[in-house]
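In what follows, a structure is listed as structure tokens, so that the remarks can point back to it.
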There are 2 protein chains.
Amino acid sequence: MATKPPASPTLPSSLIETCPRYEHAMQILGKRWTGLLINALMKGPRRFCELTSLVEGLSDRVLSDRLRELEVEGIVQRTVYPQIPVRVEYELTTKGHALKPAIDALHVWAEQWVTITPQAKATQAAQLQEH
Amino acid sequence: MATKPPASPTLPSSLIETCPRYEHAMQILGKRWTGLLINALMKGPRRFCELTSLVEGLSDRVLSDRLRELEVEGIVQRTVYPQIPVRVEYELTTKGHALKPAIDALHVWAEQWVTITPQAKATQAAQLQEH
DNA sequence: CAGAATCCCATCCGATACTG
DNA sequence: CAGTATCGGATGGGATTCTG
């Protein structure tokens, strides 16, 4: 009962190139709001509440989560200005800015190829309604 | 949610540029295995079971889900060759291949910037153990 | 081989309330 | 303003089993 094709002659066994780094990157960037968040930070430092209004639908709690994740990854830098009330700014690190080409490429692709279908529009509209 | 600042005077109201297309793109590509899956398809058509072995850890069910999603999005084309047993191949469409620059850019970034930390290695190892 | 169906627990995340 | 704490419903996805 020939379990699986014999590893396919053409495939070198080393081919399991899951590429851990790329995988890790997708793990991070793939999470729900992260792409939009980084996009919002591309133009410069932003404060917490600016981010909540820039990225519509993103809640405090999740924003907080995402920012911490990105901080841990060294993609975002958090700076506290000890005024009263405190002012906190988030900005991309060098590593974060280095993502620009990738984000841009994704943008170009989206512009060219992604069509918002009527259903998708309806879905979106419905989601907006829910507020 | 702590009443937002007065929309911040410096921000034009049109600034809510969530960019629906980009958002939609991230929605799709961001899902758990999708990035790796597309990556695996970049080199040419693949059969179902080839994909399960190429992308390690990806289960039948999820692969099935992802392929259908990508098919609906017009990123992947499914072809059935009515032999016995049937042979099914998946390949990227033009739209799918158009993602190459973005994926490549992401790859470059990952190579340059992503370092697998000891913790991450430990985590990965642990995850592999669990099988 | 190429999946569909079912089960079911872990994680995610939205809403709400509270703090410095 | 800039968050944290907590809860509960929704979703994700792994394991297993079954089918053509």
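In the text below, chain A, chain B and the rest are named by the order of the sequence lines, each starting its count at 1.
Dashed line: the shortest gap from a side-chain N or O of A:Arg47 to OP1 or OP2 of D:dA2 is under 4.0 Å. Contact annotation: A:Arg66 reaches the phosphate of C:dC13 (side-chain N/O to OP1 or OP2, under 4.0 Å).
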Filtered N/O pairs between nucleotides 4-6 of chain D and protein, under 3.5 Å:
unit_1 : atom_1 : unit_2  : atom_2 : d
D:dT4  : OP1    : A:Arg68 : NH2    : 3.0
D:dT4  : OP2    : A:Ser64 : OG     : 2.5
D:dT4  : OP2    : A:Arg68 : NH2    : 3.4

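Picking from D:dC1, C:dC13, C:dA2 the nucleotide with the shortest atom distance to the side chain of A:Cys49 gives D:dC1. Among the nucleotides D:dG13, D:dC1, C:dG14, the one closest to any side-chain atom of A:Val62 is C:dG14.
With values rounded to the nearest 0.5 angstrom, A:Leu41 atom CG is found 8.5 Å from A:Leu54 atom CG. In this structure, B:Met26 CE and A:Leu29 CG are separated by 6.0 Å, a value rounded to the nearest 0.5 Å. Atom-to-atom distance recorded for A:Glu91:CD and A:Arg78:CZ is 13.0 Å, nearest 0.5 angstrom.
For residues 79-90 of chain A, the set of pairs meeting the salt bridge (Lys or Arg N to Asp or Glu O under 4.0 Å) definition, not counting sequence neighbours, comprises A:Arg87-A:Glu89.
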Donor-acceptor pairs under 3.5 angstrom involving side-chain atoms of residues 96-111 of chain B: please list them, not counting sequence neighbours.
unit_1   : atom_1 : unit_2   : atom_2 : d
B:Lys100 : NZ     : B:Asp104 : OD2    : 2.8
B:Trp109 : NE1    : A:Lys95  : O      : 3.0

Donor-acceptor list for residues 62-76 of chain B side chains, cut-off 3.5 Å, not counting sequence neighbours:
unit_1  : atom_1 : unit_2  : atom_2 : d
B:Asp65 : OD2    : B:Arg61 : NH1    : 3.2
B:Arg66 : NH1    : B:Glu69 : OE2    : 3.3
B:Glu69 : OE2    : B:Lys31 : NZ     : 3.4

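A:Arg47 and A:Glu50 get closest at one heavy-atom pair: N-OE1, 2.7 Å. Closest approach of A:Val114 to B:His24, counting heavy atoms only: CG1-ND1, 3.3 Å.
Distance A:Glu50 CD to D:dG3 C1': 16 Å, rounded to the nearest Å. C:dA2 atom C1' lies 15 Å from atom OH of B:Tyr81, rounded to whole Å. In this structure, B:Leu36 atom CG and D:dG13 atom P are separated by 12 Å, rounded to whole Å. Summarising the geometry, the separation between CG on A:Leu58 and C1' on D:dA2 is reported as 14 Å, rounded to the nearest angstrom. Across the protein-nucleic acid pair, A:Gln27 atom CD and D:dG12 atom P stand 16 Å apart, rounded to whole Å.
Under the side chain to side chain contact (heavy atoms under 4.5 Å, CB included) criterion, A:Thr94 pairs with B:Trp113, not counting sequence neighbours.
Using a 4.0 Å cutoff on non-hydrogen atoms, the parts of residues 84-93 of chain B near DNA chain C are B:Val86, B:Val88, B:Tyr90, ordered by number.
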